[in-house]
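Quick note on labels: first sequence line is chain A, next is B, and so on, each numbered from 1.
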Protein chains: 2
Amino acid sequence: MASHIEWELYRSFLAVLTEGSLSAAARALGIAQPTVGRHVAALERALGMPLFTRSQTGLSPLESASSLRPLAEAMRSAAAALERAAASQGAGVRGVVRVTASEVIGVEVLPPIIAGLREAHRDLRIELVLSNRMQDLLQREADIAVRMVRPDQKALIARRIGRIEVGLHARRQYLERHGTPESAADLEAHTLIGFDQPSAFVRAAARSISLQREAFALRADSDLAQLALIRCGAGVGFCQVPIARREGLVRVLARRFRLSLDTWIVMHEDLRNSARCRVTFDALAEGLRAHLAQVASG
Amino acid sequence: MASHIEWELYRSFLAVLTEGSLSAAARALGIAQPTVGRHVAALERALGMPLFTRSQTGLSPLESASSLRPLAEAMRSAAAALERAAASQGAGVRGVVRVTASEVIGVEVLPPIIAGLREAHRDLRIELVLSNRMQDLLQREADIAVRMVRPDQKALIARRIGRIEVGLHARRQYLERHGTPESAADLEAHTLIGFDQPSAFVRAAARSISLQREAFALRADSDLAQLALIRCGAGVGFCQVPIARREGLVRVLARRFRLSLDTWIVMHEDLRNSARCRVTFDALAEGLRAHLAQVASG
DNA sequence: GCGAAGCCATGCAGAACTGTATAGCGGATC
DNA sequence: GATCCGCTATACAGTTCTGCATGGCTTCGC
């Protein structure tokens, strides 16, 4: 037997959850505030439990509502993906593709690739979602992901790009002023740029190269901020070798500090027959390969 | 900006897709046929493309509709999971838990475990989904899965049960009549029971023990059918050792033919705080462990 | 301490949607 | 070849739902 809870109620429910009030949710959905209120009331009646505590400042979710949130978000993601898929039907490469990548890749590497892609396909739209968390694809938050770990889910199509090397770099002017470190011990005299709150990957990496959080004189969680600091000569820090080459940064202690990120492009297999996704997938693969190849020739 | 396609339309769309006609979809949804027709028309208008070709025998989906189906199903799964989660809110162990497992496990092993669980928690409802495909959990088609492969997805909570051994077995009466094979070559004189269309696992297993499809005199894709054939003395076939012990089946060529299935119980991490899922998870783990331990003592 | 802004709840008129009934068509069955 | 069954499409009446306007409340800023 099919349940008789209207899906429309879930949408209002989620909007209230994210916006924090009936009025704000109504604005976001483009409907009237009393309507949202009635939807929430109807959902509470249908589920047989209260979901929010009303107040004059808005609605605050009860635990019950919070626990339902991930599922409502899954519905929204699927609905959004469905619209993207529908908008791209028909012949030719057209419609919207959502691409997710890390901040560094998304800012430093992807833009020229995407620009070229757009040049070839004028009806293609790209949405770039930069995030370091990577639980996106199966939730349909994005169509294609550039990831630094081998994907292990069966339902995904993956193509390996190769290993992006990461090393310690500094600006030439900085090294001319402070000298070039020749050993790990020399680093103590330098301004080290590193993480503040380490992510899982960074923790593992830091262990493998034996650098502790305390070693860093300049700390920033944002990889982009770290890169900007290195680039303007603030000190010595980690960045991807291909980017460093392009920027004319000088690598130091290459033998001692060497990490590499296995890079993959991943797509949900449901999108295999989507022209826009295939084209984007291939363009990203080719562009990233060229980006990596730059190291060998540069 | 939020899209303004009503989620309710997707539900009617999916019902038409699965039922094959407006009338049948209307019956399944408990609404009137013209309403479903209007929903589909509204969705086609909203998406700007036709989705079905109308005929007097029903609606047949166009390619565009078929390609959107997985996403609509994702929405339905999430909606169903949301209702399950909501129904189980509150103190105590209550509500519905959907458990998925292979056919053999679901029929031969789980029933007594579930019966005991129900004895302890009268307000608990269990839905058993038997299927050999295992892409269920992340799509929220089930809450808990019993699987034969190590789960590799981060968002899942997994507990390893152990290895279930699989071996060649026959009924005692069969062996008394046809003799007990002492070598792999002896098997040629026996009625071998095996697969028809091999699944991925079976292919790998068959390779490892060097048995080809042609070797089987009785073929059935259903593991349950194979088990039933062995059980009634029709021939020699593969089945799980703990089940064979319980049934009094005799293992043959134990040294030569030996496989084992690594067994896991898996749950989405979102359900960690759900009492009903935790209890079911633990009961399944304990029951399956006991089932395996039977081998040692039996 | 006072006004402005934001919020929720309610009454009411209008719009939108739903359900019932029916006509028309095609395929299956005897 | 006639009948029955199931399907879609349309007309129409009723109900439901939505949006607007308003009242009452709290919080924030001056």
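The two residues B:E6 and A:R11 make their nearest non-hydrogen contact at CA-NH2, 3.8 Å. In this structure, B:R118 and B:L124 approach most closely via the heavy-atom pair NH1-O, 2.6 Å.
Of the side-chain N and O atoms in B:S55, none sit less than 4.0 angstrom from OP1 or OP2 of D:dT8. At the phosphate of C:dC7, OP1 or OP2 sits under 4.0 Å from a side-chain N or O atom of A:R27. In this model, the phosphate group of D:dC7 is approached by a side-chain N or O of B:S21 to a distance below 4.0 Å at OP1 or OP2. The phosphate of D:dG19 (OP1 or OP2) has a side-chain N or O of A:T35 nearer than 4.0 angstrom. Residue A:R54 places at least one side-chain N or O closer than 4.0 Å to OP1 or OP2 of C:dA9.
Between B:R276 and B:D143 there is a salt bridge, with a side-chain nitrogen of the basic residue lying less than 4.0 Å from a carboxylate oxygen of the acidic one. For the pair B:E44 and B:R54, the salt-bridge criterion is met [side-chain N within less than 4.0 Å of a carboxylate O].
In this structure, CG of B:L22 is placed 12 Å from P of D:dT10, rounded to the nearest angstrom. In this structure, B:R38 atom CZ and C:dA15 atom C1' are separated by 15 Å, rounded to whole Å. For the pair A:E6 CD and C:dC17 P, the interatomic distance rounds to 12 Å; values are reported in whole Å. When the P atom of D:dC7 is taken as reference, atom CD of B:Q56 falls 12 Å away, rounded to whole Å. Atom P of nucleotide C:dC25 and atom CG of B:L59 are separated by 18 Å, given to the nearest angstrom. Atom CD of A:Q33 and atom P of C:dG11 are 14 Å apart (whole Å). Straight-line distance from the CZ atom of B:F52 to the C1' atom of D:dT8: 14 Å, rounded to whole Å. One can place CG of B:L9 at 12 Å from C1' of C:dC17, the figure rounded to the nearest angstrom.
Side-chain contact between A:L117 and A:T280: present, with at least one pair of heavy atoms (C-beta onward) separated by less than 4.5 Å.
Proximity of a side-chain donor or acceptor of B:R94 to a complementary backbone N or O of B:A87 within less than 3.5 Å is detected.
B:G58 comes within 4.0 angstrom of sugar-phosphate atoms only, judged by non-hydrogen atoms across all strands, and of no base. Among the atoms of the strands shown, base atoms are found under 4.0 Å from some heavy atom of B:S23.
Across its full length, the helix from C:dG1-D:dC30 to C:dC30-D:dG1 shows an angle of 40° between the axes of its 5 terminal pairs at either end, rounded to 10 degrees.
Applying side chain to side chain contact (heavy atoms under 4.5 Å, CB included) to A:P61 and the options A:L17, A:L68, A:V16 leaves one that passes, A:L17.
Listed nucleotides: C:dG19, D:dT10, D:dT18. Nearest to the side chain of A:H39: D:dT18.
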